[in-house]
Amino acid sequence: MDYSSLGFKYYPTDYYYIRTFKDGQWSEGRLTQDRFITISMFSQVLHYSQEAFEGLKAYATKDGCINLFRPDMNAKRLQKSCRRLLMPEIPEKEFIRAVIEIVKANRNHVPPYGSGASLYIRPVIFGIGDNLGVNPASEFMFIIMTSPVGPYFKGALKPVRMLVSEYDRAAPFGTGDIKTGGNYASSLLPNRLAKEQGFADCIYLDPATHTKIDEVGAANFFGITKSGKFVSPVSSSILPSVTQDSLKYLAMDKLGLKVEERDVYIDKLDEFAEVGACGTAAAVTPIYEIFHQGKVIYSKDSEKVGFVSTQLSKIMNDIQVGDVKIYKNWILKVQN
Ligand SMILES: *Cc1c(COP(=O)(O)O)cnc(C)c1O
């Protein structure tokens, strides 16, 4: 199998994880080889999007182990999503145990060390059962699937162009800060429009005033100022990214940069020497051009990747694949 040519798409693996919630409690989770599930047509998820998901990766290390990167953060974020959408939470330990179980079961599909690829893990929880009115479900399903995914960018980091969208993906104090499918349904059209015009994805502004940067597609925005500060936007409609949180820490601890969490105005991007997107799928993606209301408002050399972005991307990757062993609590080893 050519791991370097894998994209980000479905690829069959051997096992899937499934657990149901009924009569006020979670069943024992189990592995299955059947990726099809049967649910009622009246399931809440189908009508009212009572659903939340997560995304994390398993990385093969040089010495033959498999690393998970900060899965406790995904467990906590899923709990927060569940609270917002009135779904039962999965205790952190049980979430992590289930993730370990599914990775072990699919260990033959974890791409080898050095391939740049990894095993993507997608946990999802959603409301099922027989309902019709707008009420929370009383039965739920928690499933986990995996798929080997390629390096987002083969080899070197490849800078991309972004279009500032006229659309919003979420509302102020809506569900932008949780990982729920509804936010993605509303992003499909703006994403397509951006791609049709040759952009990698779109940048969403804050839905209340349309003056500040919120998100970059399915990733967080970051900027490195000319004076060497790492800046990340704050907003009630941004999904708190584990990658962003980690990059902030690395910027501070490894590169000695000051970190600022504040508004980033779309008409004041001049202060940045580097801008980019970050997330589990996107990793660190440099942005070389931003287009807004018919004109280019940010532009850099499309062939050059900024020094800070390059460094951050490299340290992150080295930690994830276990080449650099710092911040021990960031890595959970899946025993082989
Ligand atoms: C998942 C996601 C991110 C990235 O979060 P990570 O924890 O770094 O993977 C950023 N923005 C949105 C909208 C997301 O859904």
Side-chain angles (χ1 to χ4, degrees), residues 8 49 51-59 67-82 84-85 92 95-96 99 118-125 144 146-147 149 151-152 160 162 165 167-172 174-188 190-191 194 200-207 212-223 230 232-251 261 264 275-285 287 309 312-313 315-317 319-320 330-332:
F8 191 86
S49 296
E51 185 261 8
F53 67 97
E54 273 304 324
L56 63 163
K57 284 173 171 174
Y59 306 85
N67 280 353
L68 293 172
F69 184 72
R70 306 185 76 185
D72 53 309
M73 298 285 280
N74 299 93
K76 291 191 185 86
R77 190 168 63 189
L78 185 60
Q79 290 180 331
K80 182 180 143 190
S81 299
C82 286
R84 176 67 176 80
L85 299 178
E92 184 176 318
F95 174 91
I96 291 174
V99 168
S118 52
L119 186 72
Y120 187 77
I121 305 157
R122 167 57 57 82
V124 190
I125 173 169
I144 311 180
T146 63
S147 186
V149 295
Y152 221 68
V160 297
M162 292 284 172
S165 183
Y167 290 92
D168 296 322
R169 60 179 282 280
T175 53
D177 64 341
I178 60 165
K179 220 169 168 70
T180 184
N183 298 336
Y184 280 83
S186 59
S187 79
L188 296 175
N191 174 272
D201 206 335
C202 44
I203 290 180
Y204 294 99
L205 301 180
D206 73 297
K212 301 173 273 186
I213 293 185
D214 246 16
E215 293 258 15
V216 189
N220 276 188
F221 175 90
F222 71 90
F230 183 104
S232 68
V234 277
S235 158
S236 65
S237 41
I238 291 179
L239 193 275
S241 150
V242 178
T243 313
Q244 166 100 288
D245 183 80
S246 311
L247 292 179
K248 268 188 239 177
Y249 192 80
L250 291 172
E261 295 169 20
V264 175
V275 297
C278 61
T280 299
V284 173
T285 301
I287 300 170
S309 303
L312 288 176
S313 163
I315 307 169
M316 264 297 262
N317 188 65
I319 293 174
Q320 287 165 334
W330 279 10
I331 295 294
L332 181 66

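Order of listing sets the numbers, starting from 1, for every ligand and every atom in it. The structure displayed is predicted, hence computed values, not measured ones. Just the heavy atoms: all of them, side chains too, but no hydrogens, waters or symmetry mates, feed the values below.
Within 4.0 Å of ligand 1, contacts by protein heavy atoms are made from R77, R169, K179, Y184, E215, A218, A219, N220, L239, S241, V242, T243, G279, T280.
Less than 6.0 angstrom separates the ring centroid of F53 from the ring centroid of Y184.
The CG atom of D214 lies 4.5 Å from the CD1 atom of I238; values are rounded to the nearest 0.5 Å.
Here the closest non-hydrogen pair linking E54 and L78 is OE2-N, 3.6 Å.
Counting only distance, with no hydrogens or angles, the side chain of T280 and the backbone of L56 share no donor-acceptor pair below 3.5 Å.
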Point to revise | Worked verdict on R70 versus D245 for salt bridge (charged side-chain N to carboxylate O under 4.0 Å, His left out) | key: CA-CA 11 Å; R70 306 185 76 185; D245 183 80; 2.9 Å; yes
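A search for ring-ring contact (aromatic ring centres under 6.0 Å, His included) contacts involving Y59 returns nothing, not counting sequence neighbours.
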